[in-house]
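Shown next, in structure tokens, is the structure this report addresses.
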There are 2 protein chains.
Amino acid sequence: MAVAPGKKSEPTVAGYTLDDQIGFILRKVSQRHTAIFSAAFGNDLTAPQWATLAKLYEMGPTSQNQLGRLIALDAATIKGIVDRLSVRGFTETSPDPDDARRVVVALTDAGRAEAERGFALAQRISDETLAPLDATQRAQLITLLKAMS
Amino acid sequence: MAVAPGKKSEPTVAGYTLDDQIGFILRKVSQRHTAIFSAAFGNDLTAPQWATLAKLYEMGPTSQNQLGRLIALDAATIKGIVDRLSVRGFTETSPDPDDARRVVVALTDAGRAEAERGFALAQRISDETLAPLDATQRAQLITLLKAMS
DNA sequence: GGTAGATCGTTTGTATGCAAATAATTCTCC
DNA sequence: GGAGAATTATTTGCATACAAACGATCTACC
């Protein structure tokens, strides 16, 4: 017998088990992270919005598409996020004097303050997400995931 | 000096580096998986749609919310997915005779055929997603992620 | 200097995800 | 057996994601 009966609980075709697939597990882990994130930031910021503020804080004013590339958001998605952040006064956009195609995105004072307030929260979110793992496992996980990104 | 200048490339506040955060890395890894998935399945099925067919194949007819719970999709999301799969003839729904609240979701013959065709593709997608890692690393990663889900 | 190709940003359409509110039904427990 | 609580499904609203098509602008290269 190739498979011990009654031991594993999810038999399918040719040994494929949805619950063991990397894509399925990734989605569940991401869901848990999202839940932790919104418990910490509340309705204030979503994870992509936080990424946008944090990266702008780090890089200074950046063209919209370039900003999206830095945080892995495509042109359509970063536009929506910047629009919403701008409506709320965290970012502002202006034409690039050197390139009429470009829109430069910058933090407002309120956006800078929000970013500075966010770093502590964001750190806590990462810690809580990784809480089931010890320090060695955390380092392993990050290394393995980075190899796959 | 606490931090070697010029060594790390992403200095921010209090040592927080967006690019090293678990949430950010998870999003990028998920993006890569999504790209691999749609390259394999084309416009045929999305990952949640595949999860739905695969789980139905495994479990047989299941109430809609229960099905969603098994694959980590909330009631609103599983409804949309089942609706779309039903329009395309892969699933069908019927009232549960034992509980008037429930809707039972089942595979059609076409859905069963699609599922059987999909297992090989899905296996390939998982392999390709994990391709940067060797067998030991793959097992480690899956173990660590499962501990976090 | 002029054009072909690349880049930038926008828009549209579709598909998750998730929160919140609602109606219908079932369950619990006194 | 009946009221209150829980469950099931639906609907609405909002926020990512991503593909595709588009016009405007820039760059490369002849």
Side-chain angles (χ1 to χ4, degrees), chain A residues 23-24 26-39 41-53 62-88 90-91 93-105, chain B residues 23-24 26-39 41-52 62-88 90 93-105:
Chain A
F24 185 75
L26 277 174
R27 184 162 61 78
K28 290 204 295 181
V29 172
S30 297
Q31 281 179 344
R32 178 164 163 276
H33 175 263
T34 298
I36 292 168
F37 192 100
S38 48
F41 269 101
N43 291 328
D44 225 17
L45 292 176
T46 64
Q49 286 169 3
W50 162 249
T52 303
L53 294 190
T62 309
S63 85
Q64 190 172 275
N65 278 7
Q66 171 66 10
L67 177 58
R69 250 175 263 122
L70 290 171
I71 55 178
L73 297 175
D74 72 8
T77 303
I78 188 65
K79 190 208 184 312
I81 290 170
V82 166
D83 283 352
R84 284 183 284 276
L85 289 174
S86 293
V87 165
R88 296 172 55 194
F90 291 145
T91 53
T93 58
S94 56
D96 185 335
D98 297 333
D99 188 335
R101 295 171 304 177
R102 288 192 175 141
V103 170
V104 175
V105 184
Chain B
F24 185 74
L26 276 174
R27 185 162 59 79
K28 289 205 294 181
V29 172
S30 296
Q31 281 179 347
R32 177 163 163 278
H33 176 262
T34 299
I36 291 168
F37 191 100
S38 48
F41 268 101
N43 292 328
D44 225 16
L45 292 177
T46 65
Q49 287 170 2
W50 163 248
T52 302
T62 310
S63 85
Q64 189 172 275
N65 278 8
Q66 170 66 10
L67 177 59
R69 250 176 262 123
L70 290 172
I71 55 178
L73 297 174
D74 72 8
T77 303
I78 188 64
K79 190 212 184 309
I81 290 169
V82 167
D83 282 353
R84 285 182 284 276
L85 288 174
S86 293
V87 164
R88 295 172 55 194
F90 292 145
T93 58
S94 56
D96 184 335
D98 297 332
D99 187 336
R101 297 171 303 179
R102 288 193 174 137
V103 171
V104 176
V105 184

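A quick note: this is a predicted structure, and the numbers were derived from the prediction, not measured. Reckoned from all heavy atoms, side chains included, excluding hydrogens, waters and symmetry mates.
Side chain of A76(B), nearest nucleotide from dG9(C), dC18(C), dA15(C): dC18(C). Considering only the side chain of V103(A), dG9(C) comes nearest among dG9(C), dA17(D), dA15(C). In the set dT16(D), dA15(C), dT10(C), dT10(C) carries the atom at the smallest distance from any side-chain atom of Q64(A).
Proximity of a side-chain donor or acceptor of R102(B) to a complementary backbone N or O of N65(B) within less than 3.5 Å is not detected.
Contact annotation: Q66(A) does not reach the phosphate of dG9(C) (side-chain N/O to OP1 or OP2, under 4.0 Å). For T46(A), a side-chain nitrogen or oxygen approaches OP1 or OP2 of dT16(D) to under 4.0 Å. Taking only side-chain nitrogens and oxygens, Q31(A) never comes nearer than 4.0 Å to OP1 or OP2 of dT16(C). Between R27(B) and dT16(D) there is no side-chain polar atom (N or O) within less than 4.0 angstrom of OP1 or OP2. The shortest distance between the side-chain N/O atoms of R69(B) and the OP1/OP2 oxygens of dT8(D) is below 4.0 Å.
A100(B) comes within 4.0 angstrom of the backbone, heavy atoms only, and of no base. Across all strands shown, S63(B) has heavy atoms under 4.0 Å from sugar-phosphate atoms exclusively, and none from any base. Residue-level contact check: N65(B) touches the bases, meaning some heavy atom is under 4.0 Å from a base atom. The residue D74(A) sits close to a base: some heavy atom pair falls under 4.0 Å.
Heavy-atom distances to DNA chain C give each of D99(A) and S38(A) a nearest nucleotide, and the one nearer the 5′ end belongs to D99(A).
Counting distance only, with no hydrogens placed and no angle test, the side-chain atoms of R101(B) and the base atoms of dT7(D) include a donor-acceptor pair under 3.5 Å.
Look at CZ on F41(A): it is 18 Å from C1' on dC18(C), rounded to the nearest Å.
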